[in-house]
Trainee: 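Below you'll find the structure I mean.
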2 protein chains.
Amino acid sequence: MAALWQCQGVTSPSTAGAVRQGSLRELNLAVVLRRIATADRPPSRAGIAAGTGLTRATVSAVVDDLIAGRLVAEAEPAPRTGAGRPARGLVLAGDGPAGLGLEVNVDYLAACVVDLTGAVRHHLVRRADLRPVSPADALDRLAALAAEARAAAVRDGLTLAGAALAVPGLVDGGGLVRLAPNLGWRDVDVPALLAGRPLAEPVDGIPPLVVDNEANLAALGELHAGPPGSTSFLHITGEIGIGAGIVLDGTLYRGARGWSGEIGHIPVQPQGRPCRCGGQGCLERYAGQETILAAAGLAGADLPADTAAIRLADLAGAGDPATLTALADAGTALGVAVAGVVNLLDLDTVVLGGGYAPLAPWLRPPVVTEISRRVLTAAWSPVTVRPAALGARSAAVGGATSVVRRVVDQPVAWLARSG
Amino acid sequence: MAALWQCQGVTSPSTAGAVRQGSLRELNLAVVLRRIATADRPPSRAGIAAGTGLTRATVSAVVDDLIAGRLVAEAEPAPRTGAGRPARGLVLAGDGPAGLGLEVNVDYLAACVVDLTGAVRHHLVRRADLRPVSPADALDRLAALAAEARAAAVRDGLTLAGAALAVPGLVDGGGLVRLAPNLGWRDVDVPALLAGRPLAEPVDGIPPLVVDNEANLAALGELHAGPPGSTSFLHITGEIGIGAGIVLDGTLYRGARGWSGEIGHIPVQPQGRPCRCGGQGCLERYAGQETILAAAGLAGADLPADTAAIRLADLAGAGDPATLTALADAGTALGVAVAGVVNLLDLDTVVLGGGYAPLAPWLRPPVVTEISRRVLTAAWSPVTVRPAALGARSAAVGGATSVVRRVVDQPVAWLARSG
DNA sequence: CCATTTAATTCAACCACTGAACAAATTGTG
DNA sequence: CACAATTTGTTCAGTGGTTGAATTAAATGG
């Protein structure tokens, strides 16, 4: 729990411009709330005052607002420390706002509910091959699953503060899915197709649904769920395509147009195999799942993506030589690309997620080898390569987390909601 | 001038935490000053009020403080627009604070003075081969040049608000140069060697000298000097090594440990030529100046880096076939690496700086070719490839600009200075 | 049991912004 | 040329939210 908010950067005032008088309280609500969220143990009002430089009077007033708004609760008194009146510990409320995370992928739908403390309260998954299904029908089914998750949240006394939908493709601002090749989607306007559903109706002015790239949301989930300390990392999602979420200084980097992370088309053999993107020698052609499956002798199996990864892990675990060679080669190609990225961005961590997560035991060694060979500063300060803490299904959790994170960053929007 | 501050992102409050009462004024000083800095034409107090949402009363009070602090001046009345009392235009003061930019490089020393408006008021360059010179002696000479520049600034009525030193190497926080291979420096503690010089003495609490990587400062300079609109770009400095400054969303990205930008060691031929870094097939071995010179038949010439670039440009301009081939090959290698970076980061602009600036006419075509072949989203939205606006000597100017930029972002630090 | 210590609240003071009224400076019109 | 219209900039009482000191609350320790 403590690690949840560990890594986020400083947020600028929501006005992003003039600082009006009321902004003072608005900003300090966020400051105090973040302090509570990032603390190792429940802090006292006095401790927050000492840590932030605000007076105890101000902190008390701010905390009163936060408690009244169900964002903060008083915890059991902490173990005794010495003389003096005992402090009353403050924690994030577990019964206030929650985030709804949704995911549409090639062979499953997922919905999950995360509360303010970062706990995953519900997680529903429906397996289904969605490739032959129209976008409208797929979103129909998703809406049904979302309604189920919402009902479960309401039974827990939680209030949904928003929802985030993860899609394996390029997403434009405003929820337009430009292209999701593996789903067969092109220019799908998600909010329009969901019109009339509770998901699409704004609740008290809070934007109801954010659509984002799967890799981005998975990286956000990893930022909160992973071990603290890594504020700049690459979260690689190896599915049919290879995507990456880039977190720099604790902030997700989306790119000039929101299309960052196309690591699958980094050239690793400039004169190598042609790629469907029109290029040549792209990483995807050497470390993509199709290539690994073919090299392992599973070319015609036509398995769903996550099943395929587990099948490969089983074979590798059993010592199948073709599979081991396939994974070693893929890992080396991945390592070459990652080494270039680390040289450029000076990252301290690389996370293997998506379909790579279960294959990490075999992919990690060649990746580490290439990094240590090719990264200039590797000798000074090592680069951590690890599997995703949330495993292969992190996008929905990451989406839900991004919703509650927004509440922590801008508590006024939540407090202004209803009372 | 208007473009100078065009691209910077929103700055978070300097407290980076609690918002105390006084912070209100502190923040609004910055808001109003930035508004004046980024405006196309000198704005009026009323216009600023309308644009920021502050009241005219507040803006007047803030502007009074800024004028008293010599950060802002009233301009000649703007051309008439209609009825009503004429507005008094506000501009950044050209006679207040200024930034001192310094550069130590292999074959020259440079110092320049930039005022608040972004104008380069002085620019001194001393050519000298600094490789055989000890770090202490080199910094001695630099201090002398800096003193000259400072004297020139004082004659103009300017007050230096700080200095920034560009070094071609890895710089640690606190001014320790870990490694500058081309200068032959290792673990050089710049502030310690400058102790006792006016450069090293803090003036009214303002940190006197910031040491930073040459590529980083050059990128910052390009951010301000270049055409507006490109907020995410890569500034590539092609010298003996190849470095890059990375600007994302208008902010320089330094990396987890401050060592970002080692684009020279991105693998472009994983099984290719061995590199002195221990890796294989690094970009530097295909697009570095040494390689280009050798391919052009100038291997033994031992020219200083900038002279070499101009020599190559002359040969290419004259149609020398070996040189043209060398540049085409280097450009292709560069394009492969850049395509990978653009795929990953979704940049809209790539700037060819340093030694690449004069060679841009020949390097650009192959780079553009590789980008259009290999970048997924190139069809949707084109990537601009252009030479550096500040040319090969942009690091010193960029450093000076970063100093005055800090004044604009945190005017209170300057105002609290002396009165 | 009381001095000591630390936590949290109360309250007058104060700072900076707010909003409205007012003064200043120009254009346009009869 | 006088006067209404218009826009800029300033003045001033009012207010929201922080400040700092005093006060109350609740524990420990001799």
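Computation of the quantities below employed the complete heavy-atom set of this structure, encompassing side-chain atoms and omitting hydrogens, waters and symmetry-equivalent molecules.
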Trainee: Under 4.0 Å from OP1 or OP2 of dT18(C): is there any side-chain N or O of Thr58(B) that close?
Mentor: yes
Trainee: Which whole-number value in Å describes the distance from Arg45(A) CZ to dT9(C) P?
Mentor: 5 Å
Trainee: Which nucleotide in the list dG20(D), dT26(C), dG19(C) gets nearest to the side chain of Thr55(A)?
Mentor: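 The closest nucleotide is dG20(D).
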Trainee: dA7(C) base to Arg85(A) side chain: any donor-acceptor pair below 3.5 Å?
Mentor: yes
Trainee: Of the options dT10(D), dC17(C), dA27(D), whose atoms approach the side-chain atoms of Ser60(B) most closely?
Mentor: dT10(D)
Trainee: Going by an N to O cut-off under 4.0 Å, is there a salt bridge joining Asp348(B) and Arg257(A)?
Mentor: no
Trainee: When you check the phosphate oxygens OP1 and OP2 of dA8(C), does a side-chain N or O of Ser44(A) lie under 4.0 Å from one of them?
Mentor: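 True: Ser44(A) side-chain N/O within range (under 4.0 Å) of dA8(C) OP1/OP2.
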Trainee: What's the closest nucleotide to the Pro86(B) side chain, out of dT19(D), dA8(C), dT26(C)?
Mentor: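 Given the options dT19(D), dA8(C), dT26(C), the side chain of Pro86(B) is closest to dT26(C).
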Trainee: Whole angstrom is fine here: how far is it from CG in Leu90(A) over to P in dA7(C)?
Mentor: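 To the nearest whole Å, that distance equals 12 Å.
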Trainee: Indicate, with a heavy-atom threshold strictly under 4.0 Å, whether Arg25(A) touches base, sugar-phosphate, or nothing.
Mentor: sugar-phosphate
Trainee: Could you give the CG-to-C1' distance, from Asp64(A) to dT9(C), as a whole number of Å?
Mentor: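 Taking CG of Asp64(A) and C1' of dT9(C), I get 9 Å after rounding.
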Trainee: Taking only the side-chain nitrogens and oxygens of Arg20(A), find out if one of them lies under 4.0 Å from OP1 or OP2 of dT18(C).
Mentor: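 Yes.
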Trainee: Which nucleotide in the list dT8(D), dT9(C), dT18(C) gets nearest to the side chain of Arg88(A)?
Mentor: dT9(C)
Trainee: Assuming nearest nucleotide by heavy-atom distance, tell me which of Gly53(A) and Gln21(A) is located more 5' along DNA chain D.
Mentor: Gln21(A)
Trainee: Using whole Å, what does the distance between atom C1' of nucleotide dT15(D) and atom CG of Leu24(B) come to?
Mentor: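 After rounding, the gap between these two atoms is 13 Å.
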Trainee: Counting heavy atoms from C-beta on, name the nucleotide in dG9(D), dC17(C), dT28(D) closest to the side chain of Ala83(A).
Mentor: dT28(D)
Trainee: Can you confirm whether the side chains of Asp115(B) and Thr117(B) place a donor and an acceptor under 3.5 Å from each other?
Mentor: yes
